[in-house]
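Computed over heavy atoms, backbone and side chain alike; hydrogens, waters and symmetry mates excluded.
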There are 2 protein chains.
Amino acid sequence: MDIRTLCLGLLTLRESSGYEIKKAFESELAPFYEASFGSIYPALGRLTEEGLVSRTEQAQEKRPDKKVYRITSAGRLAFLDALAEPPSRDRTRSDFLAILLFADLLPARHLAGLIDERLAAHQSAARQIKSELAATLPAGRRFVLGHALALYEAAIAYVEENRHLVESEALLAKAGPGSGSGSGSGRLTAP
Amino acid sequence: MDIRTLCLGLLTLRESSGYEIKKAFESELAPFYEASFGSIYPALGRLTEEGLVSRTEQAQEKRPDKKVYRITSAGRLAFLDALAEPPSRDRTRSDFLAILLFADLLPARHLAGLIDERLAAHQSAARQIKSELAATLPAGRRFVLGHALALYEAAIAYVEENRHLVESEALLAKAGPGSGSGSGSGRLTAP
DNA sequence: GATTAATATATCGAAATGATATATGAGGGC
DNA sequence: GCCCTCATATATCATTTCGATATATTAATC
């Protein structure tokens, strides 16, 4: 599922300019997909060449001119084919977790600051999703938004309950098997 | 936090060949970071040029020769500097969620198959993490593994409780505000 | 009057992926 | 014995994507 295919998908929802596609990535696909202008504009160019979208230049008052893209019927068919392909597995990159893996190399107060910022960012993201969920939404959008919210809430709960593992000064101690993670009390004990 | 820096970090744990670094990405950094040989080998070459690691060719019996990399003291300092940098935000790409966003374009039985595979994969991943957590681990590793487990379990619970949102045949209906997601019963209702 | 933010398109170097090539040895199936 | 697959080991390369940068207009803020 490359950016080109996702642009096509967003154009099934509404006609858009490249700039509006970028905003749609942020409002519809975030936080489980992102794209930069550097990939969106070439993707739209290629889709136009392939005849999967059409382009119309549109002059605007008080704003720069824009190029509006509309999906063609060939484009709709191509997107349905792409949707039926088996999904590739999720990919995640988290600097936060990479840093915490090396927690024993960092002072506890630095870790505490990192964790506080993480919690604040996730709480803010969760609040925003909740306000979006208050509206009427298509089923797919509601499902993926709720999914994102569930993961943010789980991450917040986990970090709050287990931050002591990396913040304790006794970081030289190796942690043995604890209470069994999220399945039980949710708290991993360090003996 | 690029692959080069992460290679340096893994070399603070033990000396390794490029091949072993790849395995360390899978065993230590997965599932929140990954790297391919195509990025690891060039990264190790660059680290060697910069004097942050040293390279020793090591002949082996019954196995191909390998090049063993060791972090230098300059390398340790450079890694500590990199660790202190503010983390960039998490990036995720999920084909599964992208497809589900367009659930109304797919037949319910296809969606059911996708979701069943997703649940099986996540359950398998969760089981594997649980078995790893049974051993004695450094605090950082225990924290990030537990984090991964908590997210897998939250995703499984969410999908099991909310799959009806996308599987129901009445996909033309727009879902209004429900019970409030994970905060309450965990189930989003479609009126 | 200056700076920041939003709208709008585009390019480019650098980073990373995923596939492929090459080579050796071990183990299993037939 | 022969073939295939898997594990070990290094390396390259086309393609994809990111992130920064450039350019231009209008509105708002300071």
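Among the atoms of the strands shown, only primed sugar atoms or phosphate atoms (P, OP1, OP2) are found under 4.0 Å from some heavy atom of Arg46(A).
Taking 4.0 Å as the cut-off between side-chain N and carboxylate O, Lys23(B) and Glu28(B) do not count as a salt-bridged pair. A salt bridge does not link Arg118(B) with Asp95(B): every distance from a Lys NZ or Arg NE/NH1/NH2 to an Asp or Glu carboxylate oxygen is 4.0 Å or more.
Here dT17(D) presents its P atom at 13 Å from CD of Glu34(A), a figure rounded to the nearest Å. Between Lys22(A) atom NZ and dT11(C) atom P the separation is 18 Å, expressed in whole Å. As a whole-Å value, the separation of Ile40(A) CD1 from dT7(C) C1' is 14 Å. One can place CD of Glu26(A) at 14 Å from C1' of dC18(D), the figure rounded to the nearest angstrom. Distance Asp2(B) CG to dA20(D) P: 13 Å, rounded to the nearest Å. The interatomic distance linking Leu44(A) (CG) with dT16(D) (P) rounds to 15 Å, in whole Å. Atom-to-atom, CZ of Arg91(A) to C1' of dA16(C) comes out at 10 Å; the value is rounded to the nearest Å. Protein atom CE of Met1(A) is 18 Å distant from nucleotide atom C1' of dT17(C), rounded to whole Å.
Neither side chain, Arg93(B) nor Tyr33(A), offers a donor N or O lying under 3.5 Å from an acceptor on the other. Judged purely by distance below 3.5 Å, without hydrogens or angles, the side chains of Arg76(A) and Thr12(A) never pair a donor atom with an acceptor atom.
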TODO: Before giving the answer on salt bridge (charged side-chain N to carboxylate O under 4.0 Å, His left out), spell out for Arg89(B) and Glu34(A) the whole-Å C-alpha distance, their side-chain angles and the decisive distance to 0.1 Å.
DONE: CA-CA 12 Å; Arg89(B) 68 194 197 298; Glu34(A) 311 179 43; 2.6 Å; yes
Open item on the list: Protein within reach of the bases, or only the backbone? For nucleotides 7-14 of chain D, mark each nucleotide 5' to 3' as B, S or -, using heavy atoms under 4.0 Å.
Closed with: SBBBBBB-
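Taking the six-membered ring for Trp and the full ring otherwise, the centers of Phe143(B) and Tyr158(A) sit less than 6.0 Å from each other.
For Ser36(A), the listed nucleotide lying nearest its side chain is dG19(D); candidates were dT16(D), dA15(C), dG19(D).
The rotation axes computed at either terminus of the helix from dG1(C)-dC30(D) to dC30(C)-dG1(D) lie 30° apart, taking five pairs at each end and rounding to 10 degrees.
Distances shown here put every side-chain N or O of Arg93(A) at or beyond 4.0 Å from the OP1 or OP2 atom of dC18(D).
Annotation: cation-pi pair Lys66(A)/Tyr19(A) absent, no NZ/CZ under 6.0 Å from the ring centroid and within 45° of its normal.
Linking Ile, Leu, Val, Met, Phe, Trp and Tyr whenever their side-chain heavy atoms come within less than 4.5 Å leaves Val53(B) and Phe37(B) in two separate clusters.
The salt bridge (Lys or Arg N to Asp or Glu O under 4.0 Å) test applied to Glu132(B) returns Arg141(B), not counting sequence neighbours.
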